[in-house]
Amino acid sequence: MFSAVKINKKISIPSSLERVREAVDTILGHLDKTGLDESTTFDIKLSLEEAVINAMKYGNRLKEDLVVDIELTHNGSKVVIAVEDKGDGFDHRSLPDPTDEENLLKTGGRGVFLIRHLMDRVQYNDKGNRTTMTKYIKRK
Amino acid sequence: MQITERKDNDIVIYSIKGDIDINSSPQVRESFEKLVNEKAMKIVINLAEVSYIDSSGLATLVEMLKKTRGYGGKIRLSNLAAKVRSLFEITKLEKLFDIYDTEEQVCADFK
């Protein structure tokens with residue numbers, strides 16, 4: 001049954017890769033009873049994890065005193081997650097395409113690409129330190 | 001995360017159980033180093049019990065593939081869950097890896 005639940009939660013976590021799982025589990029815990037199917041949950045989990053890791057590594061340079069802010073909203077028809085770091089931001093348009101033949105054997109550069117594919121909408125603020133990801137919930 | 005290793009003649013079969021993510025990828029890499037040092041030529045990675053893999057997990061598999069190729073070895077994947085397989089399609093890593101539905105198929109093909 002489609003859930004009309006409304007959720008609005010914010011959490012802040014220190015930039016330590018050991019805290020990624022805890023942050024992702026906390027957010028997914030809030031979505032637990034909203035009736036999301038397995039595939040949608042997978043997409044949200046992976047996108048959130050990639051965004052948080054990028055924010056910690058490239059935004060906050062793994063400085064533990066700098067936090068990553070995560071904001072979750074769910075209004076019944078869509079899940080919106082914003083991930084913000086304290087860094088200078090990045091130009092999302094300048095990232096190489098990891099599916100290009102010459103990049104296939106590279107070990108990095110797939111995180112943002114995966115987010116764009118798994119979520120329905122991805123937006124960045126002008127500074128480039130806040131990623132807002134939207135997943136529309138399909139009615140059963 | 002659990003990794004078990006067994007042999008079928010000259011084929012080394014690695015079965016991974018659990019998520020392959022930023023926390024567990026180092027364990028996969030470390031475990032695989034041994035095979036690289038032994039220069040194992042035919043390697044199967046059975047992912048039947050992996051329901052989640054992130055970009056660091058994919059990167060670890062690419063790294064393993066590169067190292068194996070470096071000495072002429074072959075690495076093949078089997079039993080991917082649908083969502084895990086979809087990541088190989090999205091990222092086009094299916095072009096790099098030989099992916100089989102079952103472990104039996106890979107082993108038969110290796111022989």
Side-chain angles (χ1 to χ4, degrees), chain A residues 13 15-25 27-28 36-58 62 68 83 95-120 122 131 133 135, chain B residues 1 17-30 32-33 36 45 47-77 80-99:
Chain A
I13 46 162
S15 297
S16 161
L17 293 177
E18 288 169 5
R19 304 289 295 272
V20 174
R21 175 51 68 93
E22 173 194 332
V24 171
D25 286 349
I27 295 296
L28 290 180
L36 297 181
D37 62 40
E38 248 179 68
S39 176
T40 303
T41 303
F42 180 101
D43 294 346
I44 292 172
K45 179 182 176 181
L46 184 50
S47 301
L48 173 59
E49 188 193 305
E50 299 292 348
V52 171
I53 291 169
N54 284 346
M56 286 183 177
K57 279 171 83 172
Y58 306 113
L62 293 176
V68 170
V83 176
L95 297 176
D97 183 346
T99 65
D100 282 351
E101 212 69 45
E102 69 269 20
N103 294 330
L104 276 183
L105 277 168
K106 289 187 178 163
T107 50
R110 294 186 180 88
V112 172
F113 181 84
L114 283 172
I115 294 171
R116 285 179 187 153
H117 272 263
L118 299 177
M119 299 300 275
D120 295 314
V122 183
T131 304
M133 308 172 286
K135 190 80 173 173
Chain B
M1 150 77 59
K17 183 177 184 181
D19 294 354
I20 309 179
D21 59 17
I22 192 149
N23 296 121
S24 60
S25 286
Q27 190 189 337
V28 176
R29 198 178 299 121
E30 190 182 321
F32 191 74
E33 283 296 326
V36 172
I45 301 179
L47 296 172
E49 295 191 83
V50 174
S51 57
Y52 180 81
I53 184 165
D54 68 4
S55 69
S56 68
L58 293 173
T60 301
L61 293 176
V62 169
E63 196 182 324
M64 289 158 70
L65 180 83
K66 282 160 75 174
K67 285 187 175 170
T68 314
R69 278 184 177 179
Y71 59 78
K74 282 187 178 164
I75 191 166
R76 291 173 175 173
L77 309 178
L80 278 65
K83 286 299 280 188
V84 172
R85 182 155 192 155
S86 75
L87 299 183
F88 280 81
E89 289 162 9
I90 290 168
T91 56
K92 299 213 167 44
L93 286 178
E94 59 182 359
K95 285 185 181 176
L96 286 185
F97 288 93
D98 293 324
I99 300 175

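Per chain, numbering begins at 1; letters A, B, ... match sequence-line order.
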Count the heavy atoms belonging to other residues, nucleotides or ligands that lie under 6.0 Å from OH of A:Tyr58, then report whether that count exceeds 12. no
Region of B:Ile53 in contact with chain A, defined by heavy-atom distances below 4.5 Å: backbone
Part of B:Ile90 within contact of chain A (heavy atom distance under 4.5 Å): both
For the residue pair A:Ile13 and A:Met56, establish whether any side-chain heavy-atom pair is separated by less than 4.5 Å. yes
Given the ring of B:Phe32, does B:Lys67 sit roughly above its face, with NZ or CZ under 6.0 Å from the centre of the six-membered ring and within 45° of the axis? no
Max heavy-atom pairs within cutoff under 4.5 Å with chain A, candidates B:Ala82, B:Ser86, B:Ala59, B:Ser56, goes to B:Ala59
Which bit of A:Glu38 comes within less than 4.5 Å of chain B, counting heavy atoms only: side chain, backbone, both or neither? neither
Is there a donor-acceptor contact under 3.5 Å from the side chain of B:Lys92 to the main chain of A:Leu104? no
Might you work through the side chain to side chain contact (heavy atoms under 4.5 Å, CB included) test for B:Arg85 and B:Leu47, ending with a clear yes or no? CA-CA 10 Å; B:Arg85 182 155 192 155; B:Leu47 296 172; over 6 Å; no
Which region of A:Leu46, side chain (C-beta onward) or backbone (N, CA, C, O), has a non-hydrogen atom less than 4.5 Å from a non-hydrogen atom of chain B, or is it both or neither? both
Under 4.5 Å from a heavy atom of chain B, the part of A:Ile53 involved: side chain
Of the listed residues (A:Glu49, A:Lys106, A:His117), which shares the most heavy-atom pairs with chain B below a 4.5 Å separation? A:Glu49
Need one label for B:Lys83: side chain, backbone, both or neither, based on atoms under 4.5 Å from any heavy atom in chain A. both
Check against side-chain hydrogen bond (donor to acceptor under 3.5 Å, both in side chains), A:Thr40 and A:Asp43: CA-CA 5 Å; A:Thr40 303; A:Asp43 294 346; 5.6 Å; no
Heavy-atom cut-off 4.5 Å, strictly under: side chain, backbone, both or neither for B:Ser51 against chain A? backbone
If you count the non-hydrogen atoms of other residues, nucleotides and ligands that lie under 6.0 Å from NZ in B:Lys17, is the total more than 12? no
B:Glu63 and A:Thr107: side-chain donor and acceptor closer than 3.5 Å? no
Under 4.5 Å, counting heavy-atom pairs only, tell me which of B:Asp19, B:Leu61, B:Leu87, B:Asp54 racks up the most with chain A. B:Asp54
For each of A:Glu18, A:Arg21, A:Lys45, tally heavy-atom pairs with chain B at distances under 4.5 Å, and name the one with the top tally. A:Lys45
